[in-house]
Amino acid sequence: LNVVNPDIVCLNEHVLKNKQKMIIDNYRSFNKNRQNLAMGVVSISVLNSDAKYAVKSSEGKDKSEYIITRHEQFTIPINVLAIYGEQEGRTLQDDSEKMWNEILSELIKIENRHESVLIIGDMNKHIGNDHLGVKNNHAKITKGGQYIRDLLAKKEYILVNNMDMVEGGPFTRFDPEFPNDDTKKSCLDLAIVSKSLVPYVKSLIIDYKGAYTAARYLKTKTVKPDHYPLILTFENIPIRKLKSNRRTVPTRLVDASTI
């Protein structure tokens with residue numbers, strides 16, 4: 001974090017349970033935890049200097065693992081919707097559809113307020129490699145992946161992973177047993193923005209080299225997650241006139257799966 005210096009940090013699988021809190025120096029954190037269960041869940045951490053303009057506006061119900069923060073320092077408020085998607089092979093199709101419909105309901109609320117949104121996280125869904133998928137990705141499309149494709153097909157939301165300024169990728173996850181085998185890699189971590197935010201997207205870095213990847217340091221080895229972080233940078237997003245001085249550009253967001 002000291003190298004990237006992000007304004008916002010989104011984490012998946014932070015493994016906090018019950019009422020445990022995410023604590024990152026110089027950030028205010030909002031998190032959704034599982035109750036008495038391991039793994040999973042999601043958090044959003046906002047730089048302290050921006051925290052006064054950020055509120056947690058919603059989170060997923062029951063097993064639906066997402067959280068939304070609303071950032072009102074921008075002329076048009078921006079909502080960050082961080083998702084840890086269910087694993088399709090372990091979830092009933094009816095449950096997956098219910099959870100996705102809950103997310104769509106949140107998007108409708110944001111649209112009705114005429115605000116922008118960034119959707120980001122480990123979606124755990126395969127979306128293919130055509131114009132609604134990710135270039136050079138595998139062709140596989142799952143049922144959950146089709147939900148995302150249907151959203152993109154409306155052309156009100158744009159998949160940043162498929163934009164020209166992406167560095168690294170297309171894959172965001174590797175098989176720990178075969179880390180260099182592209183046939184076993186997948187593109188599961190996605191960044192999707194409202195069409196109105198596209199002019200301000202400067203870059204998306206998929207850190208496949210592990211330069212910024214969080215790690216767990218054990219006595220005999222260093223263990224990194226099997227997902228690559230996404231580092232998404234915006235530039236020149238219009239800011240409201242604020243009383244306090246603050247840096248306005250770039251606005252940088254990191255999404256990562258922890259271990």
Side-chain angles (χ1 to χ4, degrees), residues 1-12 24 26-27 44-51 53-54 68-83 107 110 114-123 127 131-137 148 151-152 155-172 187-214 227-242 244-257:
L1 293 181
N2 292 333
V3 176
V4 179
N5 194 25
D7 297 86
I8 300 173
V9 180
C10 300
L11 296 176
N12 291 154
I24 302 176
N26 203 31
Y27 288 84
I44 298 175
S45 300
V46 182
L47 199 65
N48 277 343
S49 58
D50 291 334
Y53 309 112
I68 303 175
T69 53
R70 182 177 182 271
H71 303 259
E72 62 176 19
Q73 71 265 39
F74 302 101
T75 303
I76 298 175
I78 296 176
N79 298 266
V80 177
L81 197 173
I83 299 174
L107 293 178
I110 295 169
H114 304 288
E115 297 177 354
S116 301
V117 64
L118 161 65
I119 308 167
I120 195 163
D122 177 5
M123 308 295 177
I127 65 170
H131 67 291
L132 293 177
V134 178
K135 289 177 291 188
N136 299 318
N137 186 24
I148 296 175
L151 178 68
L152 297 172
K155 299 184 179 181
E156 294 300 319
Y157 298 93
I158 306 300
L159 178 63
V160 181
N161 298 60
N162 213 21
M163 296 174 69
D164 292 336
M165 76 284 292
V166 177
E167 300 177 34
F171 305 118
T172 66
C187 179
L188 302 177
D189 303 80
L190 306 177
I192 300 169
V193 297
S194 298
K195 182 171 60 176
S196 60
L197 286 177
V198 170
Y200 309 110
V201 177
K202 180 182 180 181
S203 66
L204 173 63
I205 297 173
I206 299 173
D207 183 30
Y208 71 97
K209 294 182 179 180
Y212 310 110
T213 302
H227 289 250
Y228 307 131
L230 307 186
I231 303 172
L232 177 61
T233 302
F234 296 89
E235 191 168 58
N236 296 326
I237 301 176
I239 301 287
R240 292 193 300 112
K241 290 184 178 180
L242 304 171
S244 60
N245 293 326
R246 68 178 302 278
R247 58 197 176 99
T248 58
V249 293
T251 299
R252 185 168 290 123
L253 185 145
V254 170
D255 170 77
S257 294

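Residues take their numbers from the sequence shown, with the count starting at 1. Everything numeric in this text was worked out from a predicted model, so none of it was measured.
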Quick one: side chain to side chain contact (heavy atoms under 4.5 Å, CB included) partners of Ala54, sequence neighbours excluded?
Val46, His71

Which heavy atom of Lys202 sits nearest a heavy atom of Glu235, and at what distance?
NZ-OE2, 3.6 Å

Check this for me: Ile158, atom CD1, are more than 12 non-hydrogen atoms of other residues, nucleotides or ligands nearer than 6.0 Å?
yes

State, to 0.1 Å, how close Pro170 and Val134 come at their nearest heavy-atom pair, and which atoms those are.
CB-CG1, 3.7 Å

For the side chain of Asn26 and the backbone of Asn48, is there at least one donor-acceptor N/O pair under 3.5 Å apart?
no

Asp122 side chain reached by His227 side chain, heavy atoms, under 4.5 Å:
yes

Please report the interatomic distance OH(Tyr27) to CD1(Ile8), rounded to the nearest 0.5 Å.
9.5 Å

Criterion side chain to side chain contact (heavy atoms under 4.5 Å, CB included) on Met123 and Ile83, from CA distance to verdict:
CA-CA 6 Å; Met123 308 295 177; Ile83 299 174; 4.0 Å; yes

Could you tell me which residues satisfy side chain to side chain contact (heavy atoms under 4.5 Å, CB included) with Ser196, sequence neighbours excluded, listed by chain and number?
Ser116, Ser194

Could you check whether any side-chain N or O of Thr172 sits under 3.5 Å from a backbone N or O of Leu188, counting only pairs where one atom can act as donor and the other as acceptor?
yes

Start with the C-alpha distance between Ile127 and Leu132, add both sets of side-chain angles, then the distance that settles side chain to side chain contact (heavy atoms under 4.5 Å, CB included), and finish with yes or no.
CA-CA 7 Å; Ile127 65 170; Leu132 293 177; over 6 Å; no

Under the rule for salt bridge (charged side-chain N to carboxylate O under 4.0 Å, His left out), what residues qualify as partners of Glu167, not counting sequence neighbours?
none

From the options Ile68, Val160, Leu151, Leu159, select the one residue that forms a side-chain contact (heavy atoms from CB on, under 4.5 Å) with Ile119.
Leu151

Residues in side-chain hydrogen bond (donor to acceptor under 3.5 Å, both in side chains) contact with Asp207, at least two apart in sequence or another chain:
Thr213

Nearest 0.5 angstrom please: Ile110 CD1 to Asn79 CG, how far?
4.0 Å

Roughly how far apart are Asn5 CG and Leu47 CG, rounded to 0.5 Å?
6.5 Å

Which heavy atom of Tyr53 sits nearest a heavy atom of Gln73, and at what distance?
CB-OE1, 3.4 Å

Distance from Leu81 atom CG to Cys10 atom SG, nearest 0.5 Å?
9.5 Å

So does Pro77 get a backbone contact from the side chain of Arg70, meaning a donor-acceptor N/O pair under 3.5 Å?
no

Looking at every non-hydrogen atom in both residues, tell me the closest pair between Lys135 and Asp164 and how far apart they are.
NZ-OD1, 3.2 Å

Report the C-alpha distance between Phe234 and Asp7 in whole Å, list the side-chain angles of each, state the deciding distance to 0.1 Å, and finish with yes or no for side chain to side chain contact (heavy atoms under 4.5 Å, CB included).
CA-CA 10 Å; Phe234 296 89; Asp7 297 86; over 6 Å; no

Assess the residue pair Tyr157 and Val193 against the criterion (side chain to side chain contact (heavy atoms under 4.5 Å, CB included)); give the C-alpha distance rounded to whole Å, side-chain angles, the decisive distance to 0.1 Å, and a yes or no.
CA-CA 6 Å; Tyr157 298 93; Val193 297; over 6 Å; no

In short, Leu118 meets Ala191 closest at the heavy-atom pair CD1-CB, 4.5 Å

Which value, rounded to the nearest 0.5 Å, describes the distance between Leu197 atom CG and Ile192 atom CD1?
13.0 Å

Which atom of Leu230 lies closest to which atom of Asp189, heavy atoms considered
CD1-O, 3.8 Å

Can you name the residues that form a side chain to side chain contact (heavy atoms under 4.5 Å, CB included) with Pro238, not counting sequence neighbours?
Thr75, Tyr200

Those residues at least two apart in sequence (or on a different chain) that pass side chain to side chain contact (heavy atoms under 4.5 Å, CB included) with Tyr208 are Tyr228

